[in-house]
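Working notes, beginning with the structure itself.
Atoms within a ligand are numbered from 1 in the order they appear, just like the ligands themselves. This one's a predicted model, so the numbers in the text were calculated from it and none came from an experiment.
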Amino acid sequence: MTSRAAHHELQHFMEEAGDVVFRLAPTGQLVFASQRAIALLACGRELRGQPLVDHVADLDQPGFRLAVEAAQGAPEAGRIALRLKTPEHEVWHELRLSRFHADNGEAQLLIVGRDLTAQRATEDRLRHMATHDALTELPNRLLLSDRIRMVIAQARRSGQGFSVATVGLDGFKKVNDGLGHPIGDAVLSIAAARLRKTLRDSDTLARVGGDEFVAVLPGTCTEAQIKLVTGRLIATLQSPFEVDGHTIYVGASVGVAVYPQHAEDEVQLVALADAAMSRAKQTGKARCVVYNAAHNGPPEHDISLEAAMFQAVREGEFLLHYQPIVSGQNREIQGFETLMRWKHPTLGMVPPVRFIPIAENNGLINLLGAWALKAACVQLKQFEEVAKRSLYMSVNISPRQFRNDKFLDVLDDALAFSGVTGEQLVLEITEGTLMIDPVHAEAILSKMTERRARIAIDDFGTGYSSLAYLKRFPISVLKIDRTFIRDLPASQKDGAICNAVLDLAKHLGLSVVAEGVETEEQLQFLEQRGCQYIQGYLTGKPMPAHVALAALKESTYAKVVPSELRQAH
Ligand code: C2E
Ligand code: MG
Ligand code: MG
C-alpha cells in the first residue's frame with residue numbers, strides 16, 4: 001500500500017470511530033479536516049485553509065499554545081485538552097498529536113480529537129458540588145479558603161488590604177424550629193441571594209455553616225469602607241422575608257477582620273471575624289463589630305502561648321502558689337487556696353486568666369488540674385506538720401475537669417497518695433459548672449461528698465440568677481466574689497449584697513469566704529457581720545510554699561501574717 005492509500009485508510013477508520021481529525025501546517029493553518037470536524041466546527045463548510053485559531057475558544061489555553069508549537073516543529077506533547085468553538089457553543093476535546101509528513105514533504109501535525117464535553121461536564125459538576133453549598137449554590141468553606149488565599153496573594157502584590165466579614169443571621173434558629181426546615185431553607189436561599197446582590201462581582205460570598213455566611217471584600221479596608229459594605233449587608237437582611245404566606249423577620253450580626261492588621265492567613269482571618277461576630281451578637285445583634293484583640297477571644301499572642309504550654313508542661317514551668325484563708329474572728333490561717341502559676345522563661349509570670357481558658361479549651365486542664373490537686377494535697381500534709389494543727393486546702397476545679405469521667409479517680413488518687421482525708425479538701429467550682437448539666441453534676445457531687453470533700457461555689461454572685469441550686473446540690477461553702485468586696489464599705493449596694501449572702505448562708509448552714517479583701521475597713525465590715533473566712537491581699541497574697549511555711553510558723557505566735565509576707569507574690 002502506498003503512503004497515500006494508507007493515509008486514506010487511516011482517515012476512513014477515524015471517521016468511522018467518530019473522531020475529529022485535522023492536519024495543521026507549520027503556519028497554524030488547517031490543511032485537512034475530517035467530515036466530523038467540518039460538521040462540528042463549521043456546520044459543513046470547508047475548513048481547509050482556515051487558521052486553527054479561528055476555532056479555539058480561549059487563546060490563553062495551554063493546549064492551544066502546545067498545538068501551535070508542535071505544528072511549528074517543537075516536540076509534540078502527545079495529548080492535550082482543548083476547548084474549541086463551534087458556531088453554537090464550546091466543546092472540550094482531548095487531542096492526540098503526532099507528526100505527519102505530507103506528500104509535499106511538509107512536516108504537519110496530525111490531530112485526532114475525541115469529544116470530552118460530557119466527561120468535562122460531569123467533572124465540573126462534581127467539582128462544583130465539592131466546592132459549593134447545595135442549598136444556596138454559594139462557595140463553601142473549601143472554596144472560601146482558596147479564594148482568601150488568592151486575595152491574600154493579590155493583596156501582597158498590590159499592598160492593598162482587604163476584609164473578611166462573617167455574617168450570622170439573628171434569630172434563624174427560631175424560624176427553623178418554629179416553622180420547619182423547608183421554610184428555614186427558603187429563608188437561607190433568599191438571604192444568600194440578597195447578600196450576594198449587595199456585593200461586587202469581585203467579592204466572594206460563601207456559606208460556611210447553618211446560618212453563617214462569609215464575605216471576602218478585596219480593597220475594603222478602611223473603617224468608612226467597612227461601615228458602608230457591612231451596613232448594606234445588615235440592611236438587606238432587615239427587610240421581612242415572605243415565605244409561604246409567612247412574614248418572617250431575621251436580622252444579621254457581622255464581624256470583620258482586616259488583612260494584614262489582624263491576621264495574615266486565611267484560617268486566622270475567618271476565626272477572628274467569627275470572634276468579632278460573636279461579640280456583635282453578645283452586644284445587641286443587628287450590628288457590625290470589627291475585630292479588636294482587647295475584646296475578642298484570646299489575643300493573637302495567645303495563639304503562640306498555646307503552643308508554648310505543651311512545652312511548658314514538659315519543662316515543668318507550672319508551679320503552685322498558696323493563698324492563706326484566715327479566720328474572720330481571729331485572723332488565724334485556716335487553710336489555703338491553691339492557685340496555679342506559669343513561669344514562662346521569657347514572658348515571666350503568665351497569669352491564670354490567660355492560660356487557664358486555653359488549657360480548658362484544648363483539654364490540657366485535665367492534666368494540669370490532676371497534678372495541682374495531688375501536689376496541693378501533698379503540700380497540705382507538710383503545712384500541717386509545720387503548723388502542728390489541722391488545716392484545709394481549697395483547689396479550683398474547672399468545668400472540663402468536673403465533667404471528665406476520670407475526675408473521681410484523680411481525686412481518689414490524690415487523697416490516697418498524700419494521706420489527706422476528704423474533709424480537709426474543698427473543691428471550688430463555679431455556678432456555671434453546675435448548670436452545664438445539672439443531672440450529671442448532681443451525680444458527681446454526691447460522689448465527692450461520699451468522699452467527704454466539701455464543695456465551694458467560687459465567685460459566688462457572678463454566675464447564675466436562680467439560687468434554687470443551693471437547695472438541690474450538696475454545697476458547703478460560698479466564696480463571695482471580690483467584685484462585691486472591692487467597694488466596701490462605701491458602696492451601700494455591695495454592702496447589702498454581702499449582708500444578704502451572709503444571711504442566706506447562715507440559714508442554709510453554709511460557710512462564707514470573702515474573696516479579695518484588701519483593706520482593714522473591708523475586713524472590719526466583714527468581721528462585724530460574722531463572715532467566717534477571709535481571703536485577700538490584706539491577710540496574704542498567693543505565695544510559694546516555702547513562704548507559706550514561714551507564715552504558718554509565725555502565725556503560731558502572732559496569729560496574723562507578718563506584713564513582709566503579705567507582699568510575697
Ligand atoms: P479564683 O479561684 O477566684 O482565685 C482568686 C483570685 O483572686 C486569684 O487570682 C487571686 O490571686 C486573686 N486575689 C486574691 N486576693 C485578692 C485581692 O485581695 N485582690 C485582688 N485584686 N485579687 C485577689 P489568680 O491567682 O490570678 O487566679 C485567677 C483565677 O484563675 C482563679 O480565680 C481561678 O478561677 C483560676 N485558677 C487559678 N489556679 C487554678 C487552678 O489550679 N485550676 C483551675 N481550674 N483554675 C485556676
Ligand atoms: Mg478559686
Ligand atoms: Mg474566686
Side-chain angles (χ1 to χ4, degrees), residues 309 312-313 317-326 333 335-343 348-377 379-380 392-404 407 410-411 414 425-433 454-463 475 477-488 501 512-523 525-526 533-545 547-548 561 565-569:
M309 277 181 78
V313 171
E317 288 166 17
F318 289 97
L319 39 107
L320 298 176
H321 279 187
Y322 301 91
Q323 183 174 30
I325 299 172
V326 309
I333 295 177
F336 292 87
E337 176 172 2
T338 304
L339 292 162
M340 204 179 293
R341 296 290 177 264
W342 175 8
K343 198 168 173 198
M349 279 292 185
V350 183
V353 286
R354 286 196 54 201
F355 70 81
I356 297 276
I358 302 175
E360 180 71 7
N361 205 22
N362 65 21
L364 210 53
I365 194 69
N366 287 322
L367 189 78
L368 287 171
W371 161 73
L373 186 62
K374 196 165 179 175
C377 287
Q379 190 57 62
L380 177 62
Y392 79 84
M393 188 61 89
S394 215
V395 181
N396 293 288
I397 307 298
S398 83
R400 188 153 177 175
Q401 279 177 279
F402 187 78
R403 271 182 318 203
N404 189 301
F407 182 72
V410 166
L411 177 60
L425 204 55
V426 174
L427 302 174
E428 296 192 10
I429 55 180
T430 58
E431 292 160 305
T433 302
R454 279 174 291 162
I455 310 300
I457 299 298
D458 202 355
D459 308 338
F460 182 72
T462 58
I475 288 154
V477 184
L478 300 182
K479 298 192 75 172
I480 306 183
D481 190 68
R482 69 165 180 269
T483 51
F484 302 117
I485 308 293
R486 196 182 50 215
D487 300 325
L488 289 182
V501 174
V512 175
V513 180
E515 288 188 311
V517 178
E518 293 184 354
T519 67
E520 273 300 332
E521 294 73 32
Q522 291 167 348
L523 182 59
F525 179 96
L526 293 158
Y533 298 103
I534 304 292
Q535 178 181 357
Y537 291 173
L538 180 72
T539 50
K541 284 190 171 179
M543 53 187 81
V547 181
V561 182
L565 294 180
R566 287 182 205 155
Q567 301 313 315
H569 202 66

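- For residue S394, no N/O/S atom approaches the Mg ion (ligand 2) to within less than 2.8 Å.
- The atom of D458 that is an N, O or S and sits closest to the Mg ion (ligand 3) is OD1.
- Considering only heavy atoms from C-beta on, R341 comes within 4.5 Å of P352 through its side chain.
- In this structure, L478 CG and D458 CG are separated by 11.0 Å, a value rounded to the nearest 0.5 Å.
- Looking at D458 against ligand 1, only its side chain comes within 4.0 Å, counting heavy atoms.
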Worked check of side chain to side chain contact (heavy atoms under 4.5 Å, CB included) between L373 and L427: CA-CA 9 Å; L373 186 62; L427 302 174; 4.1 Å; yes
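- Per residue E428, closest N, O or S atom to the Mg ion (ligand 2): atom name OE1.
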Worked verdict on M309 versus I358 for side chain to side chain contact (heavy atoms under 4.5 Å, CB included): CA-CA 9 Å; M309 277 181 78; I358 302 175; 3.8 Å; yes
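- To the nearest 0.5 Å, atoms CH2 (W342) and CG (L368) are separated by 9.5 Å.
- For atom 25 (O) of ligand 1, the candidate residues are M340, H321, R341, Q535; the nearest heavy-atom contact is made by R341.
- Under 4.0 angstrom from ligand 1, there are no non-hydrogen atoms of K541.
- For ligand 1, the atoms closer than 4.0 angstrom to any heavy atom of E518 are 17 (C), 18 (O), 19 (N), 20 (C), 21 (N).
- Distances from the Mg ion (ligand 3) show that D481 has no N/O/S atom below 2.8 Å.
- Among the atoms of T338, none of the N or O lies under 3.5 angstrom from an N or O of ligand 1.
- Only the side chain of D459 comes within 4.0 Å of ligand 1, judged by heavy-atom distances.
- Sorting the N, O or S atoms of E337 by how far they are from the Mg ion (ligand 2) puts OE2 first.
- The contact set between ligand 1 and V517, taken as ligand atoms under 4.0 Å from a residue heavy atom, comprises 18 (O).
- Ligand 1 does not have G369 within reach: every non-hydrogen atom of the residue lies 4.0 Å or more from it.
- For R400 (side chain) and E360 (main-chain N/O), a donor-acceptor pair under 3.5 Å exists by modelled atom type.
- Residue contacts to the Mg ion (ligand 3): D459 brings an N, O or S atom closer than 2.8 Å.
- Taking only non-hydrogen atoms, the option from D481, L339, N396, T430 nearest to atom 34 (O) of ligand 1 is N396.
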Step-by-step side chain to side chain contact (heavy atoms under 4.5 Å, CB included) determination, M543 to Q323: CA-CA 6 Å; M543 53 187 81; Q323 183 174 30; over 6 Å; no
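- Within the 4.0 Å heavy-atom criterion, the part of P542 lying near ligand 1 is the side chain and not the backbone.
- Of all atoms in ligand 1, listed by their number and element, those nearer than 4.0 Å to a heavy atom of E428 are 2 (O).
- With hydrogens and angles ignored, the 3.5 Å screen pairs no side-chain donor or acceptor of E428 with any backbone N or O of S394.
- Remark: the backbone N or O of E518 is paired with a side-chain donor or acceptor of Q522 at under 3.5 angstrom.
- Taking every non-hydrogen atom of Q401 and a distance limit under 4.0 Å, the qualifying atoms of ligand 1 come out as 44 (N).
- No side-chain heavy atom of N396 sits less than 4.5 Å from a side-chain heavy atom of M340.
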Please determine whether side chain to side chain contact (heavy atoms under 4.5 Å, CB included) holds for the pair T338 and Y322, giving the CA-CA distance in whole Å, both sets of side-chain angles, and the decisive distance to 0.1 Å. CA-CA 5 Å; T338 304; Y322 301 91; 3.6 Å; yes
